[in-house]
Amino acid sequence: MITVELEHFSLDKICDSGQCFRMKKLGDGHFSMVAGDQYLEMHQKNGIVDFYCSQEEFICYWVRYFDLDTDYEVYMNAANPRDKYLNAAIEAGDGIRILRQDLWEMIVTFLISQQNNIKRIRKCIETICRMYGERKFSTEGVEYYTFPAVEALSQVTEADLRACGLGYRAKYIAVTARTIASGEISLERIYDMSYHRAKKELLKLCGVGEKVAECICLFALHHMDAFPVDTHIRQVMDVHYKRGFPNRRYKGMRGIMQQYIFYYDLYS
DNA sequence: TCCCAGGATTCAT
DNA sequence: ATGAATCATGGG
């Protein structure tokens, strides 16, 4: 186990921020999370966070994953002091981080997210992991399932995916998995692309539109200018940013501002 | 029973 | 280039 003191880091808010659906609250400040083929448990009380893993795993994997090298105070202080709404959102969302999650996992996750609610998104993802992921055990003996690989989902029929409760999104996932498995679109190349090129490439995938592409760019590729506009953000824009969100001012940090606003709108 | 949920696609004008 | 209908499913 490794213990660190972190500022502007909240497992609770990260869990509720609607970007990672494989993080669970175990109660009493304890959390679990599955990322890649890794399983991790954590505990947080105020600023003190325990990561139940080796120091090497922490340094080599989780620091980058949770974006721990970034000073989020810079983002928080960048808000226009006259923008009362944004400052309130930032205060409420203090502790949210933009994670660096797996690209394939984010593609599938946000295909599922469309016209869906967060509780059910979680359930759908849990189901496909249980059905088509790899069953593993942590060093402590906790059973968990990895996110199903491209090859695994590319061989599943649309009907079988439908049986997971995915609804009409089953087709999107089946087609997209085949598109990527065939090599028609390369995830490795997307990792190396600029924000705009990556987004353009992602838009070629079946079922990926403007909003989903932005989510993938932000939560997997860490393009901090990505700004997903969903029903919540749209509504906030109509009320508080009738002249549009000040994109120029928040260049390089639009994504985190979006997350603060999304979280604030969702839980206030 | 109706309405909605982190939308995208298809088809109509 | 815009606008409406359609798409599954579960929960309120």
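Labels below follow one simple rule: chain letters A, B, ... track the order of the sequence lines, proteins then strands, and each chain is numbered from 1. Bear in mind that the values here come from a model prediction, so they are computed numbers and not experimental data.
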Report task. Check the geometry between A/F262 and B/dG6 and answer yes if their rings are stacked (centres below 5.5 Å, planes below 30°), otherwise no. Result -> yes
Requested in this report: Tell me what A/I118 touches on the nucleic acid: a base, only sugar-phosphate, or nothing, going by heavy atoms under 4.0 Å.
Outcome: sugar-phosphate
Report task. Please work out if A/R162 contacts a base, only the sugar-phosphate, or nothing of the nucleic acid, heavy-atom cut-off 4.0 Å. Result -> sugar-phosphate
Query raised in the report: For the residue pair A/F227 and A/Y250, is the inter-centroid distance of their aromatic rings smaller than 6.0 Å?
Result: no
Report task. Answer with base, sugar-phosphate or nothing: what part of the nucleic acid does A/G18 contact at a heavy-atom distance below 4.0 Å? Result -> base
Requested in this report: Considering only atom P, compute the distance from B/dA12 to C/dC7 and round it to an integer number of Å.
Outcome: 14 Å
Query raised in the report: Are A/Y264 and A/Y85 close enough that their ring centres sit under 6.0 Å apart?
Result: yes
Query - Identified side chain to side chain contact (heavy atoms under 4.5 Å, CB included) partner of A/I107 from the options A/D102, A/I173, A/L202, A/V212 - result: A/L202
Query raised in the report: Nearest-Å distance, CD1 (A/I112) to P (B/dG6)?
Result: 14 Å
Report task. Just compare B/dT9, B/dG6, C/dA8 and give me whichever is closest to any side-chain atom of A/L266. Result -> B/dG6
Query - Between B/dG7 (C1') and A/I173 (CD1): distance, integer Å - result: 14 Å
Query raised in the report: For A/F110 and A/L205, take the nucleotide of DNA chain B holding the closest heavy atom to each; which residue's nucleotide lies nearer the 5' end?
Result: A/F110
Query raised in the report: In whole angstroms, how far is the C1' atom of B/dC4 from the CD1 atom of A/I121?
Result: 13 Å
Query raised in the report: Counting any heavy atom closer than 4.0 Å, what does A/F219 reach on the DNA or RNA strands: base, sugar-phosphate only, or nothing?
Result: base
Report task. With the side chain of A/S113 defined as its heavy atoms from C-beta on, choose the nearest nucleotide among B/dG7, C/dG11, B/dG6. Result -> B/dG6
Query raised in the report: With a 6.0 Å cut-off on ring centres, are A/F137 and A/Y144 close enough?
Result: no
Requested in this report: Compute whether any side-chain donor of one residue and acceptor of the other, for A/S17 and A/Q19, lie under 3.5 angstrom apart.
Outcome: yes
Report task. Under 4.0 Å between any heavy atoms, over every strand shown, what does A/Q259 touch: base, sugar-phosphate, or nothing? Just pick one. Result -> base
Report task. Using the P atom on both, measure B/dA8 against C/dG11 and round to a whole Å. Result -> 24 Å
Requested in this report: Answer yes or no: does a side-chain N or O of A/T231 lie under 4.0 Å from OP1 or OP2 of B/dC4?
Outcome: no
**Report entry** Distance-only donor-acceptor check, side chains A/E134 and A/Y132, under 3.5 Å
**Finding:** no
Query raised in the report: In whole angstroms, how far is the C1' atom of B/dG6 from the CZ atom of A/F21?
Result: 7 Å
**Report entry** Span that lies between the C1' atom of C/dT2 and that of B/dG6, in whole angstrom
**Finding:** 23 Å
Report summary line: Testing B/dG6, B/dT9, C/dA8 for proximity to the side chain of A/Y168, the answer is C/dA8
Requested in this report: Find which nucleotide of DNA chain B each of A/G207 and A/S17 is nearest to by heavy atoms, and output the residue with the more 5' nucleotide.
Outcome: A/S17
Query raised in the report: For A/L218 and B/dG6, what is the distance between atoms CG and P respectively, to the nearest whole Å?
Result: 17 Å
Requested in this report: Classify the side chain of A/Q115 versus the base of B/dA5 as yes if they form a donor-acceptor pair under 3.5 Å and no if they do not.
Outcome: yes
Query raised in the report: With a 6.0 Å cut-off on ring centres, are A/H223 and A/Y195 close enough?
Result: yes
Requested in this report: With P as the reference atom in both, quote the distance from C/dA1 to B/dG7 in angstrom, rounded to an integer.
Outcome: 25 Å
**Report entry** A/R234 CZ to B/dC4 P, straight-line distance once rounded to whole Å
**Finding:** 18 Å
**Report entry** Selection from B/dG6, C/dG10, B/dG7 that lies nearest to any side-chain heavy atom of A/Q258
**Finding:** B/dG6
Report task. Please give the nucleotide sitting opposite C/dT9 as a Watson-Crick or G-U wobble pair, both distances under 3.5 Å, or none. Result -> B/dA5
Query raised in the report: Within the structure shown, what part of the strands sits under 4.0 Å from A/V208 by heavy-atom distance: base, sugar-phosphate, or nothing?
Result: sugar-phosphate
Report summary line: When rounded to whole Å, the OH to P distance for the pair A/Y172 and C/dT6 reads 15 Å
Report summary line: Taking C/dG10, C/dG12, B/dA8 as options, the one with an atom nearest any side-chain atom of A/K119 is C/dG12
Query raised in the report: Which is true for A/T109 with a 4.0 Å heavy-atom rule: it touches a base, it touches only sugar-phosphate, or it touches nothing?
Result: nothing
Report summary line: Nearest-nucleotide check on DNA chain C, A/K123 vs A/Q114; residue mapping nearer the 5' end is A/Q114
Query raised in the report: B/dC4 P sits how many Å from A/H232 NE2, rounded?
Result: 13 Å
Query - Side-chain donor/acceptor of A/Y263 to base of B/dG6, under 3.5 Å - result: no
